Amino acid sequence: MCDSRQPASPPTLFDHLHRYDRVLEVGIGRRTDLAAALAADGVSVTGIDVHRREVPEGVTFVRDDIVDPDRSVYEGCEAIYARNLPPELHRPALEVARAVGADFLFTTLGGDQPAVPVERKTIREGTLYVVVADRG
């Protein structure tokens, strides 16, 4: 007899992030759909970018540079995430995440590989790179 059940589709980036109470998106840019969905789900979301950006209702925006961060912006967040993060920003973002005790989750563009040690997870959008904070 044939099993007609479809295999479960991989989780999305949203599925990984909506479990947190407070997250921060590095380089929010103009694609604010994920931040908006998280905020609508009750997650406290802060978007940062080096340029002033419009963000949806429920999302806080702070102008900051992950390479020269104002650490107070990141304090208290449980996860720092980024979409299509270029390799030159992997290490600075990870350093901020470690400094504030937050998990670090990110995707890259195309064939870019992570520039820091990570755990890889398959998500619907491709590969999610994860560094879990040492909350020891």
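Note that the coordinates shown come from a computational prediction; the quantities given were computed from them, not determined experimentally. For the single chain, residues carry numbers from 1 onward in sequence order.
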key: Shared hydrophobic cluster for Val132 and Val118 (ILVMFWY, side-chain gaps under 4.5 Å)   = no
task = With the side chain counted from C-beta on, respond yes when Lys121 and Pro10 share a heavy-atom pair under 4.5 Å apart, and no when they do not.
result = no
Arg71 and Glu75 ion-paired at < 4.0 Å = yes
remark   = Here the gap from Phe14 atom CZ to Glu125 atom CD, rounded to the nearest 0.5 Å, amounts to 11.5 Å
ask   = Just wondering, do Val96 and Phe104 contact through their side chains at under 4.5 Å, heavy atoms?
value = no
ask   = What are the two closest heavy atoms between Ala102 and Cys77, and how far apart are they?
value = CB-O, 3.5 Å
request  = State, with a plain yes or no, whether a side-chain heavy atom of Thr108 is found less than 4.5 Å away from one of Gln113.
outcome  = no
ask   = Any idea which heavy atoms bring Ala36 and Pro56 closest together, and the distance?
value = CB-CG, 3.6 Å
ask   = How about Glu57: does its CD atom have over 12 heavy atoms from other parts shown lying under 6.0 Å from it?
value = no
ask   = Between Leu105 and Tyr20, is any pair of side-chain heavy atoms under 4.5 Å apart?
value = yes
query = Is any side-chain heavy atom of Glu119 closer than 4.5 Å to a side-chain heavy atom of Leu128?
reply = no
task = Mark yes or no for whether Arg63, through its side chain, and Ile48, through its backbone, hold a donor-acceptor pair below 3.5 Å.
result = no
ask   = CD1/Ile28 to CZ/Arg53 distance, rounded to the nearest 0.5 angstrom?
value = 9.5 Å
query = Of all heavy-atom pairs between His18 and Asp15, which one has the smallest distance, and what is that distance?
reply = CD2-O, 3.2 Å
request  = First locate atom CG of Asp64, then atom CG of Asp49, and finally report the distance between them rounded to the nearest 0.5 Å.
outcome  = 10.0 Å
query = Just wondering, do Thr107 and Thr127 contact through their side chains at under 4.5 Å, heavy atoms?
reply = no
inquiry  = Less than 4.5 Å apart, side chain to side chain, heavy atoms only: is that true for Val23 and Tyr81?
reply    = yes
inquiry  = Can you confirm whether more than 12 heavy atoms, excluding those of Arg22, are under 6.0 Å from its CZ atom?
reply    = yes
inquiry  = Hydrophobic clusters here meaning ILVMFWY residues chained together by side-chain heavy-atom distances under 4.5 Å, can you tell me if Ile80 and Leu89 are in one?
reply    = yes
query = Ignoring hydrogens and geometry, is there a side-chain-to-backbone donor-acceptor pair from Asp41 to Leu38 under 3.5 Å?
reply = no
query = Taking a hydrophobic cluster as the set of Ile, Leu, Val, Met, Phe, Trp and Tyr residues connected by side-chain heavy atoms closer than 4.5 Å, whether directly or through intermediates, do Leu24 and Val50 fall within one such cluster?
reply = no
Nearest non-hydrogen partners of Asp112 and Pro87, listed with the distance = OD2-CD, 3.5 Å
Nearest-0.5 Å distance, NE2 of residue His51 to CG of residue Asp65 = 9.5 Å
remark   = Rounding to 0.5 Å, atoms CG (Leu34) and CD (Glu25) come to a distance of 6.0 Å
message = Please identify which of these residues, Val130, Leu94, Val116, meets the side chain to side chain contact (heavy atoms under 4.5 Å, CB included) condition with Phe106.
response = Val116
task = With side-chain contact (heavy atoms from CB on, under 4.5 Å) as the test, would you mind laying out the steps for Glu78 and Asp103 before giving the verdict?
result = CA-CA 6 Å; Glu78 296 171 321; Asp103 293 347; over 6 Å; no
key: For Ala93 against Ile66, the heavy-atom pair lying closest together   = CA-CG1, 3.6 Å
ask   = Which atoms form the tightest heavy-atom contact between Val55 and Val59, and what is the distance?
value = CG2-O, 3.2 Å
Atom CZ of Arg52: over 12 foreign heavy atoms under 6.0 Å = yes
task = Report the residues that fulfil salt bridge (Lys or Arg N to Asp or Glu O under 4.0 Å) with Asp68, sequence neighbours left out, ordered by chain and then residue number.
result = none
message = So Tyr129 and Leu85, do their side chains get closer than 4.5 Å, heavy atoms only?
response = no
ask   = Are Val73 and Val43 connected, step by step, through hydrophobic side chains (Ile, Leu, Val, Met, Phe, Trp, Tyr) whose heavy atoms are closer than 4.5 Å?
value = no
